[in-house]
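Residue numbers start at 1 and run along the sequence shown. These figures come from a predicted structure and were not determined experimentally. Basis for what follows: all heavy atoms, side chains included, without hydrogens, waters or symmetry-related copies.
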Amino acid sequence: MSTGTLALGKKRAPVRPARILLHVFLAGAALAWLAPLAWAIYAALRPYSETSEKGYVSWPDTLNFDNFTNAYQQSDMSHYFVNTMIIAVPAVLVTLFLSSMVAFYVSRFDFRINLALLLVFTAGNLLPQQVIITPLYRLYLLIDLPGITMSGKLYDSALGLVLIHVAFQSGFCAFVLSNYMRSLPHELTEAALVDGASVWRQYWQIVLPLCRPAMAALATLLSIWIYNDFFWALVLISTGENMPITSALNNLTGAYFTDPNLVAAGALLTAIPTLIVYFVLQRQFVSGLTLGANKG
């Protein structure tokens, strides 16, 4: 076969119009998604006096980080960030621990209630949060925890927010982890059972380490969801100092005047921790999503 024939064989296939339209659509969607973020960064870098005079659609004369510094100091963001960590870290760890045990049970043991148990956990995600808010609010007011919480009740406490996040997120995590654990070879636990390994050892030392990619993916999602929650904190927390970081932006608004540039800077600052979590767990997050799809 001559060199010319090989060169003809290596020619690229003609680009189809459908592929061009797909790339144009993806590029447009990416720009539409990034446009609000870019606009918020642009507004946060400009002083409000300049935008009020020239308007937001104008060429800037001054770009600085004064709004970020003022937003961090005025909102007392460090205090609210600590409050969020007190809520988010235990909620993520407890949710993954409990849901992984449920997933291990329904995926590695054959009992009649396996499917029903998984459906019960998953059905909790189908219930709108607004439906149970009134009875849940009354229940939190009735539960007394003297000496455990500062308020003496489950209401207005970080423990109350941790419990509600665990309750609402466990179903989704149990569903995902059970599907992932079903893809693992049963020969692993069978061999461990022959060697005399207990059920706890099978779960803790054999199955759970193999679920690290899926756990990392769920940890990323849970961290973002719980960190960004405002609904439950607004309903179940009454003391302003006990609220999470999402409420810190309220400290940047006034009764008669609100600086939108300052609020934009504060919103960008609150988004930084979620970006850090994603970039730290990015590799395992992507592998957790793809491994579950590749396993039969």
Side-chain angles (χ1 to χ4, degrees), residues 32-41 43-44 67-68 71-72 74-96 99 124-133 136-137 140 156-173 175-176 215-253 258 260 262-282 284-286 288-289:
W33 186 268
L34 293 175
L37 177 61
W39 191 260
I41 296 175
N67 285 328
F68 291 93
Y72 184 84
Q74 294 182 22
S75 64
D76 196 12
M77 196 165 292
S78 58
H79 171 76
Y80 290 98
F81 178 75
V82 173
N83 289 349
T84 303
M85 292 298 102
I86 294 175
I87 297 169
V89 173
V92 171
L93 295 179
V94 173
T95 300
L96 291 178
S99 60
N125 292 91
L126 304 178
L127 188 66
Q129 299 176 353
Q130 294 80 2
V131 173
I132 66 169
I133 188 59
L136 188 67
Y137 175 78
Y140 268 51
D156 196 22
S157 66
L159 177 61
L161 289 182
V162 171
L163 293 179
I164 195 63
H165 285 307
V166 171
F168 265 91
Q169 304 300 339
S170 294
F172 172 76
C173 294
F175 176 76
V176 173
M215 297 281 282
L218 289 174
T220 306
L221 294 175
L222 288 176
S223 300
I224 295 174
W225 291 341
I226 296 175
Y227 181 90
N228 290 328
D229 172 70
F230 183 73
F231 176 76
W232 288 119
L234 183 64
V235 174
L236 301 178
I237 298 292
S238 60
T239 305
E241 292 186 355
N242 295 338
M243 287 189 173
I245 198 170
T246 49
S247 64
L249 295 180
N250 287 336
N251 296 339
L252 300 178
T253 61
T258 298
L262 191 66
V263 174
L268 293 173
L269 288 176
T270 58
I272 292 177
T274 59
L275 295 176
I276 294 175
V277 171
Y278 174 75
F279 284 119
V280 169
L281 300 176
Q282 180 182 12
Q284 293 185 349
F285 176 76
V286 175
L289 297 178

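- Here Leu234 pairs with Phe230 under the side chain to side chain contact (heavy atoms under 4.5 Å, CB included) rule; sequence neighbours left out.
- In this structure the side chain of Trp225 reaches within 4.5 angstrom of the side chain of Phe172, judged on heavy atoms.
- Scanning all heavy atoms of the two residues, the minimum distance from Ala43 to Asn67 falls at O-ND2, 4.1 Å.
- Heavy-atom minimum distance, Leu236 versus Tyr140: CD1-CE2, 3.8 Å.
- The OH atom of Tyr278 sits 10.0 Å away from the CG atom of Leu221 when rounded to the nearest 0.5 Å.
- Here the straight-line distance linking atom CG of Asp229 with atom CD1 of Ile224 works out to 14.0 Å at 0.5 Å rounding.
- In this structure, Phe81 and Tyr227 have perpendicular ring planes: the angle between them is above 60°, well past the 30° mark.
- Atom OG1 of residue Thr246 and atom CG of residue Asn83 lie 10.5 Å apart, to the nearest 0.5 angstrom.
- Every residue meeting the side chain to side chain contact (heavy atoms under 4.5 Å, CB included) condition with Ile237, not counting sequence neighbours, appears here in chain and number order: Asp156, Leu161, Asn242, Met243.
- Looking at every heavy atom in both residues, Ala44 comes nearest to Phe68 through CB-CZ, 3.7 Å.
- With sequence neighbours excluded, the residues forming a side chain to side chain contact (heavy atoms under 4.5 Å, CB included) with Ser99 are Cys173, Ala174, Leu177, listed by chain and number.
- Judged by distance alone, the side chain of Thr274 and the main-chain N or O of Ala271 form a donor-acceptor pair under 3.5 Å.
- In terms of heavy atoms, Tyr80 sits closest to Asp76 at CD1-O, 3.2 Å.
- Taking all atoms of both residues into account, the shortest heavy-atom contact from His79 to Glu241 is NE2-O, 2.8 Å.
- To the nearest 0.5 Å, atoms CD (Gln129) and CG (Leu136) are separated by 10.0 Å.
- For Phe168, the CZ atom sits in a packed shell: over 12 heavy atoms of surrounding residues, nucleotides or ligands are nearer than 6.0 Å.
- Of all non-hydrogen atoms in Ala71 and Leu262, the two that sit nearest each other are N-CD1, 3.6 Å.
- The distance from the CD1 atom of Ile245 to the CD1 atom of Ile87 is 11.0 Å, given to the nearest 0.5 Å.
- Between Leu37 and Leu268 the shortest side-chain heavy-atom distance falls below 4.5 Å.
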